[in-house]
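Heads up: the structure comes next, in structure tokens.
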Amino acid sequence: MGGLLNGVKVVDLTWHISGPYCTKLLADCGADVIKVEKPGDGDTSRKVGPFPDNKPDSEKSALYLYLNTGKKSVTLDLKSEFGKKTVKELVKSADILVENFSPSVMPDLGLDYETLEKINPKLVMVSISNFGQTGPYRDFKADENVLHAMGGLTATTGDEALPPVRQGGYQAQYIGGLHAFTATMIAFHCQQVAGIGQHVDQSIMEAWAYHSNFPGYQFTGRIRGQMGSLESAVFGIYPTSDGYCGLAAGSQPDWESLKGVINNPALDDPRFADAGGRWQYSDELIALIMSWTTDHTKREVYDALQQNGVAAGMVVETCDLLNDPQLKSRQYLAEINHPVAGKLVYPTISAKFSESTCQIRRAPLLGEHNEEIYCNRLGYSREDLVKLKQLATI
Amino acid sequence: MAKLPLEDIKVIELGFVWAGPLFGRIMGDMGAQVIKVESIQHIDPSRGSIPPVSPFFIWPAYKNCEIQEPSWESGGTHHEFNRNKMDITLNLSRPKGQELFKKLVKISDVVMANYAPGDLKKFNIDYEALKEVNPSIILLSSTGWGETGPEAKFKAFGPLVEGMSGLTSLTGYPDPEPAMRSGIDWGDMPGPVIGVGLTLAALHYRRQTGKGQFIDLSQRETCTGLIGEAVVGYSMNKENPPRYGNHHQSFAPYNVYPCQSGPLTTPAMPPSSNPEPDKHWLTIAVRTDDEWKGLCRVLGEPDWSKDDKFSTAPDRLKNQDELDEHISKFTSQKNMQELMFALQGEGVPAGGVFNTRDLYEDPHLRARNFWVEVEHPITGVEIWDDMFVKLSKTPGNIRMPAPTLGQHNEYVLKEMLGVSDKEYEELERDNYIGTIPLVAQNLNK
């Protein structure tokens with residue numbers, strides 16, 4: 001049994017979040033990923049926490065540690081002549097190159113697709129950017145909130161009584177990176193089967209717009225506004241004694257089961273008997289259901305509903321994930337050791353494979369693999385490395 | 001005609017609603033041969049209920065709020081998700097249907113299902129059964145919670161999966177405001193997207209080793225993977241990350257600001273049962289002193305901006321509520337699009353809070369040919385989003401509109417599987433296959 005992508009060579013010029021999430025997935029599938037970091041500071045995510053005890057440390061950033069599992073790290077100043085030469089050298093024998101700079105950067109470095117294609121015609125070059133390699137927004141600057149909004153998701157999130165709100169974490173950048181992973185695999189398949197290399201232009205905005213639920217607007221003219229959390233009495237999130245739990249009981253059989261679980265004669269009111277009635281008398285129904293949910297913990301509500309065939313889902317806090325019985329049974333979270341950050345718990349890959357193994361390996365220290373790559377693979381001597389380090393080229 | 005990147009792959013899709021059909025849609029968009037398997041006993045719910053609840057509902061959405069018969073061929077969600085696929089019907093609850101299905105598996109590369117846990121086994125088409133027929137088949141089963149574990153049989157819906165992933169607890173305004181779910185059925189989307197990538201990786205593994213395999217994909221776990229740093233961070237400090245609303249832990253100003261809506265640049269989609277919203281919002285993100293100076297230039301260098309309480313980044317963070325009030329007074333007089341361009345022109349990250357209509361009218365997406373016209377035999381010309389990514393040499397494209405129910409029964413059964421005319425007639429007569437949902441047939445009796 002081996003990894004899915006053992007032996008696949010990736011040159012990883014990505015930084016921060018969207019690019020590294022793409023190459024992390026490649027690494028977790030077993031690919032050989034060489035991550036190029038800036039000498040001195042390394043990837044910007046090394047400066048973003050969480051950190052243990054909230055003390056910044058470039059080898060202990062949770063964001064860096066999570067996003068860079070399984071990769072090798074070399075330091076390299078891409079602006080230097082040696083830097084550009086090295087990328088070209090690595091590209092010669094690489095299958096895939098991934099970058100997520102602003103669209104003008106790679107051409108300015110003389111590392112545009114046309115140049116790299118001449119060196120390796122079969123290369124799959126993946127460029128992830130906020131808005132794509134072309135178009136009026138091409139050179140727009142963006143942070144997470146800007147991307148999230150321009151992708152269409154902020155407009156539908158949150159309570160209508162408050163301004164629209166973005167999701168937690170870095171969803172715009174993560175989703176961009178996720179689509180880039182799949183796009184990489186699509187182009188890689190074509191390379192392997194048909195011998196064709198190409199340039200992959202993954203726009204984070206377009207990754208989002210692909211899921212914009214367009215039929216509603218196109219066919220009915222209705223613009224979906226902020227959803228809130230309770231779409232209807234039988235579909236949404238309810239408060240519990242210790243947090244929140246969502247439920248979905250749209251069908252008539254679901255309703256019968258829900259009534260059975262709550263066991264309150266007020267629910268037998270004929271006004272609630274059909275879907276139309278449950279919609280019309282929504283406010284009353286919500287109050288009745290809420291009086292039950294607020295009397296129980298979210299785990300009690302979740303278990304009671306699910307065990308009686310009604311779809312439910314707790315709004316779990318991060319802490320709940322580490323003791324979750326389902327995740328534990330599937331060994332989805334794993335403890336991984338790191339020479340500086342120590343033993344920490346990481347999500348692993350979200351699928352189980354019957355034949356291949358998907359082992360998550362730790363993130364690298366800054367420049368940890370300089371000797372392995374520069375000396376063993378590219379033939380430089382240790383003295384060369386010392387000189388390059390003095391010049392801050394690596 | 002340009003080559004399609006996945007044109008050598010043969011996929012069978014057992015998909016309902018979002019997760020399964022999205023997987024099939026991505027594969028089909030990129031050139032794979034995708035055969036969607038429904039049944040006249042159970043059609044994909046994206047086709048709407050029979051009879052439809054209302055022509056005005058936003059799901060599955062009917063063109064111009066008019067139901068064109070047959071209603072199960074006109075649903076917008078069905079059209080969006082099921083383009084580029086062939087469609088057959090097969091009653092998989094009976095042995096003969098299962099046998100035909102297995103015959104199809106024998107000449108296929110990938111089977112993808114988002115059935116309820118246990119259903120594949122119930123129909124004798126789980127991995128053990130399929131492996132016997134085709135040892136190199138790759139079966140990807142996408143379920144809410146995974147196929148193993150104490151909660152494997154629990155039911156899943158998108159927002160519930162999102163809640164269980166941990167993301168919902170991080171979304172929304174800080175306590176005491178409640179956590180907010182995503183505005184879309186978030187839990188359904190990342191699974192199929194990563195599923196395509198993992199399936200292609202498994203195909204690579206098969207090319208190297210000759211081995212197919214079973215992929216047990218959990219939608220919930222896929223979503224937790226999108227907040228991985230929160231898990232690692234908790235493991236460090238035993239602290240749940242707080243909710244930030246629209247703010248940032250270190251940067252200010254960093255928020256949404258009210259603006260005026262612009263004039264319509266394209267005719268409103270008929271019939272507009274919603275007026276165009278009278279309010280729009282603009283996100284602004286200032287991370288550096290240079291970006292702060294750019295913002296001040298656009299604001300017209302107002303006196304308040306020169307106050308000491310806004311002079312450094314830490315000051316701005318400390319006083320961000322007051323800062324936001326000042327900025328909002330300015331933005332609420334301005335048009336969102338114009339202000340976005342003005343700020344970007346001065347190097348300030350800024351972007352409109354786009355709704356579906358904004359995306360449809362967006363000049364950037366249009367310049368990149370993101371919206372394309374597709375002709376459907378029953379509803380005529382429709383406009384759909386094109387590909388999620390641009391490949392320079394082998395771009396995907398929309399070659400076929402969403403299929404009608406069982407549209408390819410004859411082609412697949414007779415041409416591909418060698419079923420005789422006589423056998424085919426018997427299958428139709430005995431309701432193994434067909435082109436009209438049983439529910440509709442019974443209504444007309």
Side-chain angles (χ1 to χ4, degrees), chain A residues 4 29 50 52 62-63 66 135-137 140-143 145-146 149-150 152 154-158 163 167-169 174 181-183 185-186 189-190 198-199 201-202 210 215-217 219 221-223 227 229 246 248 306 311 313 315 317-318 326 329-330 332 344-345 347 350-352 354-355, chain B residues 5 30 58 61 63 76 80 149 151 154-155 157 160 163-164 168-171 180-181 183 196-197 200-201 205 211 213-217 221-222 225-230 232-236 240 256 269 272 274 283 285 344 349 351 353-357 359 364 367-368 388-390 392-393:
Chain A
L4 294 166
C29 284
L63 186 63
Y66 174 66
Y137 300 164
F140 272 16
K141 291 171 75 174
D143 205 79
N145 64 345
V146 171
M150 291 177 78
T154 307
T156 56
T157 302
Q167 292 176 285
Y174 263 94
F181 164 70
T182 294
M185 292 310 302
I186 291 169
H189 181 89
C190 190
Q198 62 191 310
H199 194 192
D201 172 4
Q202 179 64 69
Y210 189 71
Y217 174 67
F219 285 174
R222 277 169 57 194
I223 300 167
M227 287 292 301
S229 272
Q306 285 281 15
V315 175
E317 310 257 14
T318 313
Q326 177 68 1
S329 159
R330 285 175 65 82
Y332 172 63
L344 295 167
V345 175
S350 58
K352 303 274 176 273
S354 63
E355 277 300 321
Chain B
M30 292 296 171
I58 208 166
K63 194 174 183 185
E80 182 186 26
E151 299 174 3
F154 282 9
K155 287 192 180 154
F157 273 88
L160 305 177
M164 292 293 283
T168 309
S169 71
L170 304 180
T171 299
M180 280 287 142
R181 56 158 280 196
V196 170
L200 294 172
Y205 183 81
K211 294 185 180 160
Q213 63 189 306
F214 175 51
I215 306 174
D216 166 11
L217 178 69
E221 289 168 14
T222 308
L226 303 171
I227 54 163
E229 72 280 2
V232 178
Y234 182 83
S235 162
M236 282 173 177
N240 287 324
V256 300
M269 290 293 190
S272 285
N274 264 20
T283 53
Q344 288 284 357
V353 173
F354 290 158
N355 60 37
T356 319
R357 166 182 229 153
L359 289 174
H364 179 77
R368 282 173 59 84
F388 72 88
V389 64
K390 293 191 176 344
S392 65
K393 295 207 186 129

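In what follows, chains carry the letters A, B, and so on, assigned in the order in which the sequence lines appear, proteins first and then strands, with residues in each chain numbered from 1.
- Only the side chain of A:M227 comes within contact range of chain B, with at least one heavy atom under 4.5 Å from a heavy atom of that chain.
- The residue among A:A142, A:G169, A:C29 with the most heavy atom pairs within less than 4.5 Å of chain B is A:A142.
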> What's the verdict on side-chain contact (heavy atoms from CB on, under 4.5 Å) for A:D201 and B:R368, showing C-alpha distance, side-chain angles and the deciding distance?
Replying inline: CA-CA 11 Å; A:D201 172 4; B:R368 282 173 59 84; 3.1 Å; yes
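- Under the 3.5 Å distance criterion, the side-chain polar atoms of A:Y332 are matched with a main-chain donor or acceptor of B:E221.
- Separation of atoms CZ (B:F214) and CD (A:E355) is listed at 12.5 Å; rounding is to 0.5 Å.
- Contacts of B:M164 with chain A are made by both backbone and side-chain atoms, with heavy-atom separations under 4.5 Å.
- Of the listed residues (A:G246, A:P163, A:G152, A:A155), the greatest number of heavy-atom pairs within a distance under 4.5 Å of chain B belongs to A:P163.
- Of the listed residues B:L170, B:L217, B:N240, the one with more heavy-atom pairs under 4.5 angstrom with chain A than any other is B:N240.
- Within the 3.5 Å criterion, the main-chain N or O of A:V315 finds no donor-acceptor partner in the side chain of B:S169.
- The contact between B:L359 and chain A is made entirely by side chain atoms (from C-beta outward), counting heavy-atom distances below 4.5 Å.
- With a threshold of 4.5 angstrom between heavy atoms, A:Y137 approaches chain B through its backbone and through its side chain.
- In terms of heavy-atom pairs under 4.5 Å with chain A, the best-connected choice from B:K390, B:Q213, B:M180 is B:Q213.
- In terms of heavy-atom pairs under 4.5 angstrom with chain B, the leader among A:G135, A:G168, A:S229, A:S350 is A:S350.
- In plain terms, the two heavy atoms of A:L344 and B:M236 that are nearest each other are CD2-CG, 3.6 Å.
- Using a 4.5 Å cut-off on side-chain heavy atoms (C-beta onward), B:E151 and A:Q306 make no contact.
- Note: A:I223 CD1 to A:T156 OG1 = 12.5 Å, rounded to the nearest 0.5 Å.
- Between the side chain of A:Q198 and the backbone N or O of B:K393 there is at least one donor-acceptor pair closer than 3.5 Å.
- Residue A:F219 comes nearest to B:G76 through the heavy atom pair CE1-CA, 3.3 Å, listed as atom of the first residue, atom of the second, then distance.
- Both the backbone and the side chain of A:A248 come within less than 4.5 Å of a heavy atom in chain B.
- The candidate from B:A367, B:G225, B:A285, B:G233 with the greatest count of non-hydrogen atom pairs under 4.5 Å with chain A is B:G225.
- Note on A:H199, A:Q202, A:Q167: by heavy-atom pairs under 4.5 Å with chain B, the leading option is A:Q167.
- Looking at B:V353, both its backbone and its side chain come within 4.5 Å of chain A, counting heavy atoms on both sides.
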